[in-house]
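In listed order, ligands and their atoms are each counted from 1.
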Amino acid sequence: MERLYQNISKRKSTRKFNMDSLDPSSMERVEQALQDIPQLFENLTVSFILVRDGEHFMEKGTSILGAYTKVKSPHYLVVACKEASGFRQAAGYSMAHVLLKLNDLGIATCVTYPGVDLMTIQQFAPLEEEEVPILFIAFGNPEDPLSLYPKPDYYKRRSYKDILLQGPVKRKYKFILEAARLAPSSFNTQPWRFAVDGHKIHLLRVKLGFIKSKLFSSLNKIDMGLALGFMVIALKSKEMKFRLVKDPVAYEGMEYMITIEMKE
Ligand SMILES: Cc1cc2nc3c(=O)[nH]c(=O)nc-3n(C[C@H](O)[C@H](O)[C@H](O)COP(=O)(O)O)c2cc1C
């Protein structure tokens, strides 16, 4: 987990890929990295199905959100899961590990939402029965090798003042929130908020107004899973003992997700 943790501050999205396929040994390392991905729920497996021919796959995309969602890359992973309760958060949690593992291999990534129809997905990446595609991870070598890692001051993220509903945060727990703060999110919306009460960190999501579409709240649930994944990776890298529990707190305009309870 130490290596994944280090990659939290070395990861960024890449949108310009070198369209050459990865060399076979790199591809093998990707396939190895996809073995035993941590899951948020024991009985809900999030799958990462490899699309080797990314160029033809993406050609079939009819994006509803315009150019932002159409990131062209030589390969993709289709993130898929059964539609059970909490499946979007579960997808984000597992994706956090995959994004950081690929980054650690020096492979560039970008989460995308290209609007490829189910029939095409089934052709390129057969899904298991009951699995639905949730998102895609574009990956490969970046067009500019120097763009793989973020430059200083790259991250445009909300300040603690914005994301902390309640504090104070003990100094020894600050790194946990910092890991979440650097997580990627759809349109960089960073929907996560935290209420810290002693050794408990409650995670909440900003509820979207009526006008914002269903799509955005679905994406924000994935973002919450990503933030939780980054926090758990941070905790595990420091070998801190904790439990994930339900201990709801109420804040106006927020949806409670989960609590990280530290064992002191
Ligand atoms: C659920 C999700 C969906 C995303 N969809 C897209 C997308 O369709 N196109 C894109 O270019 N970036 C997409 N992104 C990447 C975000 O825009 C990016 O993570 C955010 O701007 C923060 O930048 P960073 O990843 O470089 O830290 C997505 C990220 C997440 C987590």
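Using a 4.0 Å cut-off between a side-chain N of Lys or Arg and a carboxylate O of Asp or Glu, Asp247 and Lys200 qualify as a salt bridge. Between Glu178 and Arg157 there is no salt bridge, since no side-chain nitrogen of the basic residue lies less than 4.0 Å from a carboxylate oxygen of the acidic one.
Both the backbone and the side chain of Val111 come within contact range of ligand 1, each with a heavy atom under 4.0 Å. With a 4.0 Å cut-off on non-hydrogen atoms, Leu182 does not touch ligand 1 at all. Counting heavy atoms under 4.0 Å from ligand 1, residue Lys156 does not touch it at all. The proximity of Ser13 to ligand 1, defined as any non-hydrogen pair under 4.0 Å, involves the side chain as well as the backbone.
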Side-chain atoms of residues 129-142: list all donor-acceptor pairs with protein atoms under 3.5 Å, sequence neighbours left out, distances to 0.1 Å.
from	atom 1	to	atom 2	distance (Å)
Glu131	OE1	Glu128	N	3.0
Glu131	OE2	Ser47	OG	2.4

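Counting heavy atoms only, Arg157 comes closest to atom 27 (O) of ligand 1 of the residues Gln190, Met95, Arg157. In the candidate list Ser218, Ala227, Pro184, Pro184 is nearest to atom 19 (O) of ligand 1, counting heavy atoms.
Remark: ligand 1 atoms within the under-4.0 Å shell around heavy atoms of Leu135 are 1 (C). Those atoms of ligand 1 with a heavy atom of Lys12 less than 4.0 angstrom away are 26 (O). Under a 4.0 Å criterion applied to the non-hydrogen atoms of Cys110, ligand 1 contributes the atoms 10 (C), 11 (O), 12 (N). For ligand 1, the atoms sitting less than 4.0 Å from at least one non-hydrogen atom of Leu226 are 31 (C), numbered in the order shown with element in parentheses.
What you find for Leu22 and His75 is that their closest heavy atoms are N-NE2, 3.0 Å. Across all their heavy atoms, Asp223 and Trp192 have their closest contact at O-CZ3, 3.5 Å.
The N/O atoms of Tyr154, backbone and side chain alike, include one that comes under 3.5 Å of an N/O atom in ligand 1. Note: no N/O pair closer than 3.5 Å links Ile222 and ligand 1 by distance alone.
For Arg181 and Tyr160, the positive end sits near the middle of the six-membered ring, less than 6.0 Å away and at most 45° from its axis. The cationic atom of Lys12 (NZ for Lys, CZ for Arg) does not lie both less than 6.0 Å from the six-membered ring centre of Tyr149 and within 45° of the ring axis.
The residue from Arg205, Lys221, Lys207 that alone fulfils the salt bridge (Lys or Arg N to Asp or Glu O under 4.0 Å) condition with Glu255 is Arg205.
Residue contacts with ligand 1 leave out Lys221, since none of its heavy atoms falls under 4.0 Å from the ligand. Residue Arg11 places a heavy atom less than 4.0 Å from ligand 1.
Looking only at atom types and distance, the side chain of Ser217 has no donor-acceptor partner in the side chain of Asn220 under 3.5 Å away.
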